[in-house]
There are 4 protein chains.
Amino acid sequence: MTHAIGSRRWAIADGYIPSSSASDDPALVSPALVSHESACILNTGDTPATVEITLFFSDREPAGPYRVTVAARRTVHLRFNDLDDPERVPRDTPYASLIESDMPIVVQQTRLDSRQPPHALLSTIAYCQE
Amino acid sequence: MTHAIGSRRWAIADGYIPSSSASDDPALVSPALVSHESACILNTGDTPATVEITLFFSDREPAGPYRVTVAARRTVHLRFNDLDDPERVPRDTPYASLIESDMPIVVQQTRLDSRQPPHALLSTIAYCQE
Amino acid sequence: MTHAIGSRRWAIADGYIPSSSASDDPALVSPALVSHESACILNTGDTPATVEITLFFSDREPAGPYRVTVAARRTVHLRFNDLDDPERVPRDTPYASLIESDMPIVVQQTRLDSRQPPHALLSTIAYCQE
Amino acid sequence: MTHAIGSRRWAIADGYIPSSSASDDPALVSPALVSHESACILNTGDTPATVEITLFFSDREPAGPYRVTVAARRTVHLRFNDLDDPERVPRDTPYASLIESDMPIVVQQTRLDSRQPPHALLSTIAYCQE
């Protein structure tokens, strides 16, 4: 390919991680079916992308930055559920995210909501702007 | 961050709030699972955003403007269900919305439809144009 | 508002109308819950928009144009199910659509799939290009 | 129409094909309801589009290119499940895709997830950049 595809600044306005899943007994829920929200990040370029994520809330100052590296020619499907440095992402709480990279990336948001079995899905391309 | 991300004019063409939920007994339905539609608005900037929403219908003149303030570095996940000034948003009625701000914002639409349990979800980045 | 928001040329690549619904007994299915696909069109301007829709298929020449008028300051949530001039949209058949207007409009696609109760939803902003 | 609508470079960041379906007995699952993911491609132009797809993963070098032709004035709803040259797309594995064409096309991603009946749907316009 001739050059990496993407943008360096992305935002996702609707963040929300349900606290519960179809079964709250971990032994009964496949990890793939736990309620979760992901930022799927693609780096088609030949240089690793250093990504910083800032989280915004309705009633407090932003949290972050959270740092992630996406290697050259790789994708990372990052679960917001797993972020814990500098702090865990609260459940059942509206949030939003700003995703800034030093290299062009593509970002898509997906949520799997298994509060009631079976699960529901939503996905959208994130908003980007140079 | 160097500057706020976003646009000042957004539109959502598919608005629809189902009138019913999995259970119409409020004692049995978690508020989070009531059928609803949201405009999730992110203001990453250092200045509060004054937002005006105009609603469009198939057979009558537009309603609004509805006014919302999104504070600096905050997100508001606004439920259309809750809008009632200047008038309530009708249920089971196709509508659309124009969202205009004096500062750059990012807008994403999400609907939770719990007419039949379990619920279904849809979400999309809204359309923007300066 | 200062000027109409939107674009004059839109495309939806994933068209598909399931032929069946949760119940195929019309007496038992609310019209709102019949499997359907919509192009939700918003015209925020002060001039009616004349819209032409062309449908594309995998194995035959395009169908159309289908003609729709969206009045000034109105939205039309058009069900592809209802199109029948010049021909009905086939069910269970992949198709795509090109939506061309003489005035700026905004287009969002939504599908309600009730082949298995309860229903599933998908929605996305359509692709636009002047 | 005056000219083909679309872009020549598209990306989908969230690829994922569930390995299971509501019923794993093929005799009981309609092919339409098998868990699958599609890239829906529209070519509104008068020239066939030669499309190359490259798949990206989290822990290995990219796979591809996969080659598809979309004839003039046709749409192809391509199931990633069906790609097998140069190699099959792994199931239950996060991936992403870069879709490059010699002619303008429009790309939309849709996933039907039937791991738990009934199925869930997600769809989004892909990201494009010339």
Side-chain angles (χ1 to χ4, degrees), chain A residues 1-8 10 12 21-23 29-33 36-46 49 51 68-79 99 101 104-114 116-128 130, chain D residues 7-22 33 35 37 52-65 90-102 107-130:
Chain A
M1 81 209 56
T2 51
H3 60 91
I5 191 170
S7 176
R8 286 176 177 80
W10 294 82
I12 300 168
S21 297
S23 166
V29 182
S30 151
L33 295 179
H36 66 273
E37 187 157 81
S38 297
C40 299
I41 307 175
L42 170 61
N43 175 11
T44 65
D46 293 325
V51 179
V68 181
T69 299
V70 183
R73 300 178 302 280
R74 295 292 184 277
T75 185
V76 170
H77 290 196
L78 179 74
R79 286 194 181 198
I99 299 170
S101 170
I105 56 173
V106 178
V107 179
Q108 179 176 346
Q109 175 209 25
T110 297
R111 184 187 305 158
L112 185 149
D113 175 351
S114 62
Q116 296 177 296
H119 56 280
L121 291 174
L122 67 77
S123 190
T124 185
I125 186 74
Y127 172 80
C128 68
E130 285 300 325
Chain D
S7 177
R8 287 175 176 80
R9 299 189 87 215
W10 294 82
I12 300 168
D14 181 12
Y16 189 84
I17 305 175
S19 64
S20 65
S21 297
L33 295 179
S35 288
E37 187 157 80
E52 290 194 350
I53 301 173
T54 305
L55 301 185
F56 295 80
F57 302 95
S58 63
D59 54 4
R60 46 161 288 200
E61 285 296 304
R91 268 55 172 174
D92 298 333
T93 304
Y95 70 98
S97 52
L98 176 67
I99 300 170
E100 299 175 293
S101 170
D102 61 346
V107 179
Q108 179 176 345
Q109 174 209 24
T110 296
R111 184 187 305 158
L112 184 150
D113 175 352
S114 61
R115 285 176 287 185
Q116 295 177 297
H119 56 281
L121 290 174
L122 68 78
S123 190
T124 185
I125 186 74
Y127 172 80
C128 68
Q129 187 181 50
E130 284 300 323

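Within every chain, numbering begins at 1; the chains are lettered A, B, ... in the order of the sequence lines, protein sequences first and strands thereafter. Being a predicted model, the structure only gives us computed values, none of them experimental.
- For A:H119, the parts sitting under 4.5 Å from any heavy atom of chain D are the backbone and the side chain alike.
- Between A:D46 and A:R73, at least one side-chain nitrogen of the basic residue sits less than 4.0 Å from a carboxylate oxygen of the acidic one, meeting the salt-bridge criterion.
- Of the atoms belonging to A:L112, it is side-chain heavy atoms, and not backbone ones, that fall under 4.5 Å from chain D.
- If you take CG on A:L121 and OG on A:S114, they are separated by 10.0 Å, rounding to the nearest 0.5 Å.
- The candidate with the highest count of non-hydrogen atom pairs below 4.5 Å against chain A, out of D:P118, D:C128, D:P65, is D:P118.
- Of the atoms belonging to D:Y95, it is backbone heavy atoms, and not side-chain ones, that fall under 4.5 Å from chain A.
- Residue D:D14 holds its CG atom at 6.5 Å from CG of D:L122, rounded to the nearest 0.5 Å.
- For A:S38, no part lies near chain D; criterion is any non-hydrogen pair under 4.5 Å.
- Contact detail for A:H77 and D:A13: the closest heavy-atom pair is NE2-O, 2.8 Å.
- Between the side chains of A:Q108 and D:T124, no donor-acceptor pair of N or O atoms lies under 3.5 Å.
- When each of A:T110, A:I125, A:V107, A:V70 is checked for heavy-atom pairs under 4.5 Å with chain D, A:I125 comes out on top.
- The only member of A:T75, A:I5, A:I41 that meets side-chain contact (heavy atoms from CB on, under 4.5 Å) when paired with A:I105 is A:I41.
- At a 4.5 Å heavy-atom cutoff, the contact between D:F57 and chain A is made by backbone atoms alone.
- Of the atoms belonging to D:D92, not a single heavy atom falls under 4.5 Å from chain A.
- With a 4.5 angstrom heavy-atom cutoff, A:V76 does not touch chain D via any of its atoms.
- Heavy atoms closer than 4.5 Å to chain A are found in the side chain of D:Q109, but not in its backbone.
- With salt bridges taken as basic N to acidic carboxylate O contacts below 4.0 Å, none links A:D113 and A:R111.
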